[in-house]
Amino acid sequence: MQYNIKELNNWRSNAVSNINDKYYIETWGCQMNEEDSEKLSGMLKRIGYESTEVKEDASIIIFNTCCVRENAENKVFGNLGALKALKAKNPNLIIAICGCMMQQKGMADKILTTFPYVDIIFGTHNSYKFPEYLNTVKQQGVQVKEIVNKEDKIVEGIPIDRKSDIKAFVTIMYGCNNFCTYCVVPYVRGRERSRKPEDIEKEIKDLVAAGYKEVTLLGQNVNSYGKGLEEELTFADLLRRINSIEGLERVRFMTSHPKDLTEDVIMAIKECDKLCEQIHLPVQSGSSRVLKEMNRSYTKEQYLELVKKIKQEIPDVSISTDIIIGFPGETEEDFNETLDLVKQVEYDSAFTFIYSRRQYTPADRMEDQIPDDIKHARFNKLVDAVNEIIAKKNATYEGKVVEVLVEGTSKNDENRLMGRTRNGKLVNFDGCKESVGKLVNVNITRAQAFSLVGEEV
Ligand code: 5AD
Ligand code: SF4
């Protein structure tokens, strides 16, 4: 379905916003949510709003929520509570809440009772209708709550206001069919749906025409891209088509489920010049027994075999991962298997999580939930092991010259530039400001715990 841009223009001329009205968006969770927020921002700008980083200056505040772990949810509750005072001071303030948390059974009603000053509640499948909801609140002064559970259509052509003008996220598929036993994503994001390749190509070509150099293709499980499309197409086919887009410099993608990462994708990375040597390959656990309980459909041995193949075929590849500690029934032996796997793979980076019970998931009903103190002790041990490996790997870059796409000035030092290598390493370096947006060679002089330091050559 094509987004009705004309309607947005009508709202603009109907003055849904007043001159200089500002919006503030806070986003929790993954890149999918980041991209959804960029679309909310795109629609709001089209009807005349400006963005602000200061809540107090905003006439609309939007919270785009995540529910993958309990602590993300708690942060949203805390932040919503704090808005009460702001609303009392400014009764015209419009508060909207959306995202994955809203798709959970009973959550929208819980929010309405606990935080009655919230004006708009919507979910992940209907965020394109936000301007309409805003119009209703403004015209009729009523609360709007609409959560849609059907996920049959993909809406193309929503205006998007991206954070960077050098690299962009491009969603290629929505939803997930895997039902890992700990995870709420399939319940809140629905079943897998792939965008048509021509829509993806058009979006990327438009980005290149606007000066973008890099895209990251997004999906919960990009390797199952293409199922259900009229045209027969695999993820590897899509990668090869995108690789031929002129003017594009780099292509990344995430996330790859180890059970679905096929040899043709590995060969595509090896053979296509724009595909970066970087794979995010969440392992979740190093124990085959726990992996089975998690419904991950691979064993530790199969995962290690896959990593071996990737490393053999793609020189300088960097592999990152997600790991969950303290899954129900995880023994000390299971945990040691995870430590062992981490040491064998030598990850370039790892997102480590403490298992969080999620309502309605099978793992929440499992016996033998692990006590918090054991979870924390294992978590700290894992983080130490991971950090040691990352530091060791980063040290191998000292004295090497690497290609960096320059993204801007460094976070902590205005006089320095920052960018990433092809395989995703963050580099802070001395160079000339004209290099922003370009590919440059950087000589690495020093490795730090999570980044590299160098100078442009
Ligand atoms: N508890 C902890 N971590 C989780 N993840 C998903 N669900 C949970 C949970 N219930 C992690 C997985 C996934 C990442 C996005 O979040 O590691 O890959
Ligand atoms: Fe969640 Fe598993 Fe789907 Fe990833 S693959 S989103 S962990 S269910």
Side-chain angles (χ1 to χ4, degrees), residues 27-36 65-75 99-101 103-104 124 151 169 171-194 216 218-225 227 235 253-261 279-287 290-298 303 319-330 334-335 338 341-342 345 347 349-366 369-370 372 374-376 378-379 382-383 386:
T27 311
W28 285 271
C30 65
Q31 281 85 358
M32 289 276 180
N33 262 18
E34 292 287 344
E35 215 225 4
D36 285 345
T65 63
C66 167
C67 57
V68 165
R69 285 169 294 277
E70 193 183 3
N71 55 3
E73 269 183 11
N74 290 341
K75 278 185 203 151
C100 295
M101 227 173 123
Q103 294 290 145
Q104 287 184 295
T124 53
E151 74 275 334
F169 292 125
T171 302
I172 61 163
M173 59 184 299
Y174 298 89
C176 180
N177 288 356
N178 288 313
F179 290 94
C180 302
T181 53
Y182 49 81
C183 186
V184 292
V185 169
Y187 307 91
V188 296
R189 288 265 173 190
R191 296 294 72 71
E192 285 173 359
R193 287 98 66 206
S194 294
T216 301
L218 291 183
Q220 307 295 347
N221 180 15
V222 286
N223 301 95
S224 59
Y225 173 81
K227 284 182 199 146
F235 180 52
F253 56 83
M254 65 190 298
T255 292
S256 292
H257 194 306
K259 79 175 165 58
D260 295 322
L261 181 72
I279 301 185
H280 185 56
L281 198 64
V283 69
Q284 312 297 2
S285 170
S287 151
V290 171
L291 286 169
K292 190 152 190 263
E293 294 289 309
M294 288 177 161
N295 190 30
R296 290 292 288 178
S297 313
Y298 54 84
Y303 184 91
I319 302 178
S320 56
T321 200
D322 294 344
I323 301 171
I324 299 175
I325 273 324
F327 184 81
E330 182 190 68
D334 293 323
F335 171 66
T338 301
L341 176 132
V342 162
V345 176
Y347 288 110
S349 73
F351 298 95
T352 46
F353 305 107
I354 291 177
Y355 169 71
S356 167
R357 292 179 79 159
R358 303 285 65 207
Q359 223 185 348
Y360 309 117
T361 59
D364 186 38
R365 298 188 290 274
M366 289 178 186
Q369 299 284 332
I370 308 295
D372 278 354
I374 297 183
K375 280 191 201 167
H376 283 105
R378 287 182 189 163
F379 181 77
L382 175 72
V383 171
V386 164

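For ligands, and for the atoms within them, numbers begin at 1 and follow the listed sequence. This structure is a prediction, so every number in the text was calculated from the model and none was measured.
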Q: Specify whether the nearest protein heavy atom to atom 7 (S) of ligand 2 is under 4.0 angstrom away.
A: yes
Any donor-acceptor N or O pair under 3.5 Å, side chains [X], [Y]:
X	Y	answer
Ser256	Asn223	yes
Thr171	Glu35	yes
Tyr360	Gln104	no

**Q.** Contact with ligand 2 for Arg296, non-hydrogen, under 4.0 angstrom
**A.** yes
Q | Geometric N/O contact Gln284 with ligand 1, under 3.5 angstrom | A | yes
Q | N or O pair under 3.5 Å between Arg69 and ligand 1 | A | yes
Got the closest protein heavy atom to [atom], with its distance?
atom	answer
atom 5 (S) of ligand 2	Asn178 ND2, 3.5 Å
atom 1 (N) of ligand 1	Ser356 N, 2.9 Å
atom 1 (Fe) of ligand 2	Cys183 SG, 2.3 Å
atom 6 (C) of ligand 1	Val68 CG1, 3.4 Å

Check for a donor-acceptor pair, side chain of [X] on one end and backbone N or O of [Y] on the other, with a separation under 3.5 Å.
X	Y	answer
Thr124	Arg189	no
Thr321	Leu281	yes
Arg357	Glu70	no

(Q) Would Ile354 count as a contact residue for ligand 1, given that I'm defining contact as a non-hydrogen atom of the residue lying under 4.0 Å from a ligand atom? (A) yes
Q.
For atom 14 (C) of ligand 1, which of the options Asp322, Ile323, Val283 provides the nearest non-hydrogen atom?
A. Asp322
Q: Would you tell me which option among Cys180, Gly219, Ser297 has the nearest heavy-atom contact to atom 2 (Fe) of ligand 2?
A: Cys180
Q: Any atoms of ligand 1 less than 4.0 Å from a non-hydrogen atom of Arg358? List them with their elements.
A: 10 (N)
Q: Show which atoms of ligand 1 fall inside a sub-4.0 Å distance from at least one heavy-atom site of Ile324.
A: 3 (N), 4 (C), 5 (N), 12 (C), 17 (O)
(Q) Can you confirm whether Gln31 is buried at CD, in the sense that more than 12 heavy atoms of other residues, nucleotides or ligands lie under 6.0 Å from that atom? (A) yes
Q) Quick one: are the ring centres of Phe353 and Phe379 less than 6.0 Å apart? A) no
Q: Please work out whether any backbone atom (N, CA, C, O) or any side-chain heavy atom from C-beta onward of Pro186 is under 4.0 Å from ligand 2, and answer side chain, backbone, both or neither.
A: side chain
Q. Under a 4.0 Å heavy-atom limit, does Phe179 contact ligand 2 with its side chain, its backbone, both, or neither?
A. backbone
Q. From Asn221 CG over to Leu261 CG, what is the distance, rounded to the nearest 0.5 angstrom?
A. 9.5 Å
(Q) Let me confirm one number: the CG-NZ distance from Asp260 to Lys227, rounded to the nearest 0.5 Å. (A) 5.5 Å
Q: List every atom of ligand 2 that sits less than 4.0 Å from any heavy atom of Gln220, numbering the atoms from 1 in the order shown and giving each element.
A: 6 (S)
Q: Pull out every atom of ligand 2 sitting under 4.0 Å from any heavy atom of Cys176, numbered as shown with elements.
A: 3 (Fe), 5 (S), 6 (S), 8 (S)
Q: Measure up the Phe179 and Tyr187 rings against each other and bin them: parallel (under 30°), tilted (30 to 60°), perpendicular (over 60°).
A: perpendicular
Q.
Heavy atoms only, cut-off 4.0 Å: how does Tyr182 contact ligand 1, side chain, backbone, both, or neither?
A. both
